[in-house]
Amino acid sequence: MKIVIIGNGMVGYKFCEKLLKKAKQDQFELTVFGEEPRPAYDRVHLTDYFSGKSAADLYLAPSDWYRENNIQLHLADPIKSIDRKNQIVYSHKGIKSSYDYLVIATGSSPFIPDIPGIEKKGVFMYRTIEDLELMKDFAKKAKNGAVIGGGLLGLEAAKAMIDLGIAHTQVIEFAPRLMPRQIDDVGSKILQSKLETIGLKIQTNKNTQEIIGDDCIQGLIFSDNSQIDVDMLVISAGIKPRDELAKQAGLEIGLRGGIVVNKNLQTSDARIFAIGECALYNNMIYGLVAPGYEMADVVVSYLTNGNKIFNGYDMSTKLKLIGIDVASFGDPFIQSTDCCSLVYEDTLKGIYKKINITADGKYLLGGILIGEAETYNMLLQTTKNKLVLPKNPEDILLGTGRSEPGAGPGVSGLPDEALICSCESVTKKDICHSVIQGCETIDAIKQCTKAGTGCGGCIPMVKDLMLHEMKTQGKYIRNVICEHFNYSRQELYDLIKLKNLKSFDEVLDVLGKGDGCELCKPPVASILASLWNEMILKKGNDTAQDSNDRYLANIQKGGTYSVVPRIPGGEITPDKLIVIGEIAKKYNLYTKITGGQRIDMFGAHLNDLPEIWKELIEAGFESGHAYGKALRTVKSCVGSTWCRFGLHDSVSFAIEIEERYRGLRSPHKLKGGVSGCIRECAEAQSKDFGIIATEKGWNLFICGNGGSKPQHALLLATDIDNETCIKYLDRFLMFYIKTADPLTRTATWLNKMEGGIDYLRNVIINDSLGINQQLEQEMSELIKSYKCEWKEVVESPELRKRFSHFVNAPSEKDPTVLFENLREQKKAANWKY
Amino acid sequence: MNLTTSEISYPQTEMEDNTVLWLPACHKNDVPLNGGVCVKYENEQIALFHFSRRGEWYATQNLCPHKHQMALSRGIIGTQNDEPKVACPFHKKTFSLIDGRCMNQDEDCNIRTFPVKLENDFVYIGFINNHKGNIM
């Protein structure tokens with residue numbers, strides 16, 4: 001079958017490529033006639049030609065490609081006429097070529113407005129590489145540039161002029177706003193002010209009356225009699241379909257131009273197709289590359305006995321205009337009573353976002369994004385696939401904020417048919433399938449599916465899908481605890497709760513295999529403690545505890561332990577200070593103030609621990625849990641009770657919070673801080689939770705830490721009262737305990753969380769998961785069941801028995817323990833190795 | 001009532017069994033299930049483990065050779081590919097309870113192991129070659 005293609009632009013090329021892919025070899029004989037001297041190139045990225053790319057860089061395929069695929073390519077040889085009766089075309093150079101089917105892909109030419117003086121030197125079109133080369137030479141002498149047309153291509157042309165070094169460039173638009181087909185007035189104003197900051201002058205509502213100058217252009221005169229100096233002008237006033245040939249051949253042409261086509265892209269002659277910007281479907285010319293590709297696909301389908309038809313095309317678009325994101329999708333201008341718009345406008349940063357949603361708030365209909373368009377792909381998919389919007393549609397308008405790269409929460413919700421790459425018609429299913437087949441890089445997916453090879457706008461989403469699919473395939477190493485449990489900590493937490501398991505052995509019997517190890521025992525013991533808050537040394541769980549938890553003290557160099565009683569908020573009476581001093585003297589302990597405003601006593605023999613604690617408890621102290629992955633301290637500044645700057649009583653609040661969460665076992669240690677004013681003396685922003693007084697209440701910060709990778713806490717809520725603050729803390733801590741991996745501090749936990757702080761805020765404040773009541777309930781159970789562990793040990797001879805060094809000489813201390821003197825105290829002897 | 005080991009009367013002389021000298025260590029209930037205790041033998045310290053999940057007893061030196069800490073008896077016991085091991089509480093070096101091999105690919109860092117036997121609920125640790133001292 002002989003097929004002749006008239007036109008070697010992007011769409012004509014794509015037709016050949018798609019046909020070759022679908023058809024068997026030798027089934028078709030392809031002949032291509034192109035008017036331009038070059039093989040098809042990427043017109044969409046034409047501006048790149050100015051930023052250093054060569055013409056060859058822009059070619060869609062090397063010239064060998066045509067030869068290799070047996071395509072007869074005639075360049076610089078436009079078709080002169082079509083003999084429909086005999087099915088023959090005649091070229092300018094005299095080549096005669098017969099066809100079974102003819103595909104017209106002649107594209108469009110710039111619309112040239114009928115302005116007197118348009119023939120003068122220095123007036124250019126912006127369409128072909130030749131146009132650009134002419135501009136390049138001329139621009140060297142030009143000082144005042146102008147572009148007629150403030151549409152997409154006009155703004156591109158203006159950027160090209162800036163790139164060419166023309167100092168003053170302005171854009172003249174006839175309509176009251178820029179990009180009138182894509183964005184609204186408010187959007188246009190924002191875009192305009194952004195463009196003006198980079199030196200581009202914009203004039204809207206300007207009707208050019210005349211181009212003045214002798215031989216060369218010197219200026220423009222407008223209908224309002226104003227005038228500007230211009231020595232180089234680019235016309236970008238829209239496109240005109242190249243339909244002359246079709247017209248001459250007697251094919252049906254639209255009133256305002258364009259070759260009329262049906263759903264199969266057939267013209268009034270069933271053997272002749274028209275695709276791309278020369279085709280008029282349903283009274284519409286599609287001036288973008290993606291619908292052109294779609295048309296090519298439909299014709300290929302027809303020729304290979306497929307049943308694909310053309311149903312119009314979504315004209316959503318996203319582009320970067322001189323570094324500014326501009327996107328428009330679905331119906332950006334909708335005006336109807338059964339829908340409404342949400343608008344976000346930030347004139348300072350130059351961000352404008354508008355989404356149109358159905359009146360019931362369920363579906364997205366379209367919208368405009370200017371200045372920030374990261375959410376474009378997701379919004380487009382949400383519109384196209386009629387996905388139900390979240391409860392608060394403003395969340396999708398504002399985006400998910402500081403989210404980690406990776407699978408956004410959105411991609412998994414898309415249906416398989418969702419068109420991800422509209423240029424190449426690649427669906428979610430295609431991309432996921434290619435990942436399963438082993439494409440695990442964007443480049444591999446590009447090669448395999450062609451997704452992202454057109455405008456490239458879908459690449460972020462392709463990446464999300466790739467990561468998502470790899471995760472689903474288990475390609476990321478699952479965070480299982482060890483060889484004995486094939487579960488993550490979060491899964492274990494839920495399962496242990498569900499099955500009501502109370503000891504490590506039970507958990508291992510029901511959920512694991514083998515005999516456990518030092519990797520799974522402490523996290524399981526921690527989960528049991530977080531869930532049931534039972535004495536951690538009972539039910540055989542003592543030997544599952546990490547060493548520090550097993551002896552309720554911190555093992556130190558040399559094998560002795562340190563003792564830290566709780567000093568809530570760092571507040572302590574002189575009497576209690578004296579008790580600590582006396583005990584330290586009696587048991588010969590080294591004392592030091594800790595970073596968390598408490599007193600640490602070092603160098604205690606295992607055997608002495610119960611007696612030391614007996615005395616501490618009698619004096620009113622309780623365990624400080626310095627040994628546990630648990631709440632440590634809530635540090636405070638002195639606050640309004642003494643400080644002349646203090647706004648609220650930070651010490652009282654710190655004590656209240658520390659006592660509320662004392663003993664709370666968690667995936668890692670937890671630290672808090674409360675500051676009485678903005679001076680932040682408690683350094684609360686470096687804690688897992690930090691509370692800072694404001695005039696109106698407290699600001700609550702979460703997920704900070706010091707340590708080897710310091711990270712500031714992030715603001716969760718502002719100006720809240722004590723009750724709200726505690727409510728949020730309950731939810732935050734419980735959510736962390738339930739979902740974090742073992743030994744993961746809150747900061748790392750948040751860093752790994754998809755959607756970041758905005759997601760977490762949504763959970764804690766807006767109850768987006770609907771679990772807050774449960775979280776509060778679980779926390780209240782834990783708080784109710786708190787007991788001082790050391791008090792239980794001191795009172796239980798059975799538990800005390802474990803606090804001896806020698807099983808066969810319980811009263812003897814470890815004779816190998818050695819101390820040295822230092823500044824009137826003792827210190828552990830150095831490592832011997 | 002819980003008996004502490006000091007309340008148990010020890011046999012007066014160490015029992016001999018072929019060339020193994022059996023030290024009576026403690027009553028089996030003195031050792032926590034799936035955990036360890038430290039046994040004093042003259043000037044030496046032995047870590048004794050009751051791996052009750054497996055119904056097994058092990059004894060090793062108490063000294064962790066990594067930083068020379070008397071700590072192995074306080075370590076967590078477990079398995080790796082079904083081989084019983086103990087992890088030092090200081091830096092989580094792990095040692096096979098079968099042959100004392102350091103399981104963290106550290107050749108120079110092995111520990112000694114000792115046989116253990118139970119008689120009438122009493123635990124005995126064996127020293128080979130009737131050699132009382134210098135067991136390290």
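Protein chains get the first letters and strands the later ones, always in sequence-line order, with residue 1 at the start of each.
- Around the NZ atom of A/K557, the shell of radius 6.0 Å holds more than 12 heavy atoms that belong to other residues, nucleotides or ligands.
- Interface residues of residues 51-58 of chain B toward chain A, defined by a heavy-atom distance below 4.5 Å and sorted by number: B/F51, B/R53, B/R54.
- Heavy-atom distances place the side chain of A/E812, and not its backbone, under 4.5 Å from chain B.
- In this structure, the portions of B/N81 lying under 4.5 Å from any heavy atom of chain A include both its backbone and its side chain.
- Taking 4.5 Å as the limit, every side-chain heavy atom of A/C517 sits out of range of all side-chain heavy atoms of B/Q80.
- In this structure, the side chains of A/D505 and B/L33 stay at 4.5 Å or more apart for every pair of heavy atoms.
- Between A/H805 and B/R74 there is a side-chain heavy-atom pair separated by less than 4.5 Å.
- Counting only distance, with no hydrogens or angles, the side chain of B/K92 and the backbone of A/L519 share no donor-acceptor pair below 3.5 Å.
- Of the listed residues A/Q556, A/K521, A/Q545, A/E483, the one with more heavy-atom pairs under 4.5 angstrom with chain B than any other is A/E483.
- In terms of modelled atom types and a separation under 3.5 Å, the side chain of A/T543 and the main chain of B/G36 share no donor-acceptor contact.
- The minimum heavy-atom distance between B/S73 and A/R550, with the atom names listed, is O-NH1, 4.0 Å.
- For the set B/V37, B/V86, B/L48, B/V39, the entry with the most heavy-atom pairs within less than 4.5 Å of chain A is B/V39.
- Contacts between B/I77 and chain A at a heavy-atom distance below 4.5 Å involve backbone atoms as well as side-chain atoms.
- Residue A/E518 touches chain B through both its backbone and its side chain, counting heavy-atom pairs closer than 4.5 Å.
- Within the 4.5 Å cutoff, no side-chain heavy atoms of A/D814 are placed close to those of B/C38.
- No more than 12 heavy atoms of other residues, nucleotides or ligands sit less than 6.0 Å from atom NZ of A/K614.
- With a 4.5 angstrom heavy-atom cutoff, B/H91 touches chain A only via side-chain atoms.
- In terms of heavy-atom proximity, B/K40 sits nearest to A/F806 at CB-CD2, 3.3 Å.
- Residues passing the side chain to side chain donor-acceptor pair (under 3.5 Å) test with A/R745 are A/D688, sequence neighbours excluded.
- Residue A/F504: no heavy atom, backbone or side chain, is found under 4.5 Å from chain B.
- Ranked by heavy-atom pairs shorter than 4.5 Å toward chain B, the options A/G540, A/G514, A/G558 are led by A/G558.
- Using modelled atom types and a 3.5 Å distance limit, the side chains of B/T79 and A/H484 yield a donor-acceptor pair.
- Heavy atoms of B/V31 lying under 4.5 Å from chain A belong exclusively to its backbone.
- The backbone N or O of B/C26 lies less than 3.5 Å from no partner atom in the side chain of A/N808, so there is not a single donor-acceptor pair.
- Annotation: maximal heavy-atom pairing with chain A below 4.5 Å, among B/T94, B/N34, B/D82, occurs at B/N34.
- By the neighbour-count criterion of 12 heavy atoms within 6.0 Å, atom CG of B/N43 is sparsely surrounded, having that number or fewer from other residues, nucleotides or ligands.
- Of the atoms belonging to A/D546, heavy atoms from both backbone and side chain fall under 4.5 Å from chain B.
- B/Q45 and A/P815 make their closest contact through NE2-CD, 3.8 Å (heavy atoms, listed as atom of the first residue, atom of the second, distance).
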